[in-house]
Amino acid sequence: MRIVTWNVNSLKARLPRVLELLADLAPDALCLQETKVETAAFPHDELREAGYAAVDHSGGRWAGVAVLAPLAAPPVEAGRGLPGEPDAEDARWIEADVAGIRVISTYVPNGREPASPWFDQKLQFLAAARERLATIVPAGPLVIAGDFNIAPEDRDVYDPAAFTGSTHVTPEERAAHRALLETGLRDAYRTVSPDGERYTWWDYRAGHFHKNLGMRIDHVLLTPDLSARLTACDIARDYRKGAKPSDHAPLVADLS
DNA sequence: ATGTCACGCTGGGCGTGA
């Protein structure tokens, strides 16, 4: 079983790269974030031609999440949005059942600046996510994957000093991330690579990808039954290269 | 290094968000 998560930064702009990924990696579940597409414009037809079905929570110009799975074992929607999230108009959370596993794709708010209303809304979203997970994780198996916009530890950023005063690394955000894990989830990348220092996001600007100036902010979190089946968890950096890349690379988790 | 993308609105740059 292969589970992939990818912040595509516009599904319309990234569709060729998504089709490339489906053909090359053949995921059993693909969680997308920042689809930035209207519900009516979601490219179901193109994905179906590639052998995939999708459930999407689309918000138009911003955000947007989806779960894709092969037509032979398609995703069955199990809910969208999050009780208690700060803006119900945002499209940042979708749940689907895929081959007996609850699969959640989430796009946590960026937060913009610490001590701003947007930062408070990020923490509020994370608190709502924790509440939801506390309810459904015990019923596992479950995977939640997406762009959490949090680097869990200093080693998950290229230079902690470069992020002083910035979001993604604050004690509050890291505590909120730990609280998600404490509902009974394990970080797939960290489980496979206890000493790994690889990243999933690099700024488009200033050649940051070329210099590997990135952060690990995309995560696959698994219930223990699924974590015990992990055989690999890799960052597919090739998708950050080439024509029209997203600023995020896909994260690929393989289960026996 | 305020350095790049992608969007909507529009009709070609600008405002917004990341």
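We name chains A, B, ... by the order of the sequence lines, and we start the count at 1 in each one.
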Judged by modelled atom types alone, do A:N212 and A:W202 share a side-chain donor-acceptor pair under 3.5 Å?
yes
Could you check whether A:K122 pairs with A:E173 (Lys NZ or Arg NE/NH1/NH2 to Asp/Glu carboxylate O, under 4.0 Å)?
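Looking at A:E173 together with A:K122, the answer is yes, because their closest N to O distance falls below 4.0 Å.
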Assign each of A:H248 and A:P245 to its nearest nucleotide of DNA chain B by heavy atoms, then name whichever residue's nucleotide is nearer the 5' end.
A:P245
5'-most contact on DNA chain B (nearest-nucleotide basis), A:R14 vs A:W118, goes to A:R14
With no hydrogens and no angle check, is any side-chain donor or acceptor of A:S105 less than 3.5 Å from a backbone partner on A:L32?
yes
Which nucleotide in the list B:dA18, B:dC7, B:dC5 gets nearest to the side chain of A:A13?
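Side chain of A:A13 sits closest to B:dC7.
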Taking [atom1] from [X] and [atom2] from [N], how many angstroms apart are they, rounded to a whole number?
X	N	atom1	atom2	result
A:E38	B:dC7	CD	P	12 Å
A:R205	B:dC5	CZ	P	11 Å
A:W201	B:dA18	CH2	P	12 Å
A:K36	B:dA6	NZ	P	8 Å
A:D203	B:dT2	CG	C1'	11 Å
A:R17	B:dA6	CZ	C1'	16 Å
A:E113	B:dT2	CD	P	13 Å
A:N7	B:dC7	CG	P	13 Å

How about A:Y189 and A:Y199: are their ring centroids closer than 6.0 Å?
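For A:Y189 and A:Y199, the ring centres are not under 6.0 Å apart.
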Just to be sure I understand the rule, does A:Y107 reach a base, reach only the sugar-phosphate, or reach nothing, if contact means heavy atoms closer than 4.0 Å?
sugar-phosphate
For B:dG17, take OP1 and OP2 only and decide whether either is under 4.0 Å from a side-chain N or O of A:R112.
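Yes, A:R112 has a side-chain N/O under 4.0 Å of OP1/OP2 on B:dG17.
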Would you say B:dA6 has OP1 or OP2 under 4.0 Å from some side-chain N or O of A:K244?
yes
Parallel under 30°, tilted from 30 to 60°, perpendicular over 60°: which one fits the rings of A:H177 and A:H219?
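Correct class here is tilted.
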